[in-house]
Amino acid sequence: MLLPFFTWLGNTTIAVTIRDSVWIYALDQALHLLCLAIFAGAVLIVDLRLLGRGMRDRPVSQVTRDAQPWMVWGLIGLTATGIPQLMSNSIKEYYSGYFWVKMGILLVAFIYMFSIRNRVAMADEGRVAPIRSKLVGFVSIVLWAGVAITARLIGLLS
Amino acid sequence: MTPLRSLFEWVDKFPTSIAIREGAVAFPLLLTIHVVSMCLFAGLVIMMDLRLLGVGNLRTPFSQVQRRLFPWQLAGITMNAITGLILVYGQPMRYYSNIFFWVKTIMMILAGANMMAFHNSTYHSIAKWDSAATLPFWAKMAAVVSLVLWAGVIMSGRLIAYNWFNPV
């Protein structure tokens with residue numbers, strides 16, 4: 001069903017330009033990884049705090065508020081560097097099982113982050129049971145690790 | 001032949017090195033763990049450096065950010081070092097002849113030197129600026145150098161996959 005769309009993506013001027021260039025794709029991958037590090041740092045500092053580790057002298061909501069802008073910038077950078085990779089490689093991605101698994105987990109992780117995790121992380125001190133906040137942090141780490149692992153496997157195993 | 005090249009060529013002939021390079025599982029497995037542990041290490045180093053630069057995590061004193069994140073950074077870099085060393089051990093000649101591998105290696109050494117220089121000088125006066133939003137020039141400088149170098153390490157690490165400048 002989506003194959004015509006992916007075919008169209010792969011034939012756009014941007015996609016062709018990237019494929020014809022020796023270095024644009026490589027540089028884009030390198031920047032994607034850098035954005036991942038920024039994003040992962042901002043996510044982990046909060047998730048570790050939810051687990052009662054890391055920055056535990058500070059309230060969760062404060063750590064979350066401080067990390068928020070970097071999380072958002074990381075996400076913007078990941079999207080901006082991810083879309084050109086998808087465009088120039090659209091047919092390979094379409095037929096890659098890992099790509100679809102990654103996008104599935106990504107969708108779940110994204111919704112989870114801005115709903116359940118955000119509500120728990122921004123709650124006032126003492127209003128969330130420790131076991132609940134630990135579970136929320138753990139699930140977040142598992143989801144984002146799943147995104148990173150399946151993403152890496154698109155390139156390695158597809 | 002340089003001693004460095006002989007070392008790489010010597011390792012290249014080890015049966016265990018050959019086994020890693022000829023196995024189908026080792027490379028993707030090691031590289032995936034390498035990326036995930038990089039997120040733990042570099043991600044939390046970036047968070048710490050942003051605080052030192054005075055642009056992020058400002059509600060927490062620097063020494064607290066540093067102390068609380070350190071065990072996790074250490075866990076991350078330990079996994080990175082182990083998986084990275086095995087990757088090189090498995091394909092020494094591939095890395096030896098790759099310019100990005102050496103750029104990455106040099107940048108890691110410089111990042112380590114920057115860290116040590118900061119701890120042995122600017123960090124001594126931490127009590128004076130721990131909670132300040134405006135940090136001393138040399139503290140900010142250490143943060144910028146660290147951010148630039150680790151960004152370079154991550155990017156050149158990714159570019160090792162490309163062998164544009166290989167001599168052969």
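To find a chain, count down the sequence lines: A is the first, B the second, and so on, and within it residues start at 1. Remember, it's a predicted structure, so these values are computed and weren't measured experimentally.
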**OP:** Go through A/A30, A/A151, A/A42 and name the one with the most non-hydrogen pairs under 4.5 angstrom from chain B.
**Re:** A/A30
Original post:
Does CE belonging to B/M141 count more than 12 external heavy atoms closer than 6.0 Å?
Top reply: no
Subject >> Straight-line distance of A/F39 CZ to B/C39 SG, nearest 0.5 Å >> reply: 10.0 Å
Original post:
Which bit of A/V22 comes within less than 4.5 Å of chain B, counting heavy atoms only: side chain, backbone, both or neither?
Top reply: both
Subject >> Under 4.5 Å from a heavy atom of chain B, the part of A/W23 involved >> reply: both
Original post:
Any donor-acceptor pair under 3.5 Å linking the side chain of A/R58 with the backbone of B/R59?
Top reply: yes
Subject >> Winner by heavy-atom pair count (cut-off under 4.5 Å) against chain B, out of A/L34, A/L157, A/L153, A/L36 >> reply: A/L34
Original post:
Can you tell which of B/T32, B/N57, B/V35, B/L58 has the highest number of heavy-atom pairs within less than 4.5 Å of chain A?
Top reply: B/N57
Original post:
Tell me, do B/Q64 and A/M55 make a side-chain contact under 4.5 Å, heavy atoms counted?
Top reply: no
**OP:** Go through A/I149, A/L48, A/V63, A/L44 and name the one with the most non-hydrogen pairs under 4.5 angstrom from chain B.
**Re:** A/L48
Subject >> Note, A/L27 side chain near B/M155 side chain (heavy atom, < 4.5 Å) >> reply: yes
**OP:** Under 4.5 Å, counting heavy-atom pairs only, tell me which of B/T60, B/V55, B/I154 racks up the most with chain A.
**Re:** B/T60
Original post:
Can you name the closest pair of heavy atoms from B/G56 and A/W70 and give their distance?
Top reply: CA-NE1, 3.7 Å
Original post:
Which answer fits B/V45, side chain, backbone, both or neither, if we ask what part of it has an atom under 4.5 Å from a heavy atom of chain A?
Top reply: neither
Subject >> Atom pair CD1/CG of A/I38 and B/L147 - distance to nearest 0.5 Å >> reply: 8.5 Å
**OP:** Identify which part of B/L159 has an atom lying under 4.5 Å from any heavy atom of chain A, answering side chain, backbone, both or neither.
**Re:** side chain
Original post:
More than 12 heavy atoms of other residues, nucleotides or ligands under 6.0 Å from CG of A/L2: is that the case?
Top reply: yes
Subject >> Student check: side-chain heavy atoms of B/W72 and A/I45 closer than 4.5 Å >> reply: no
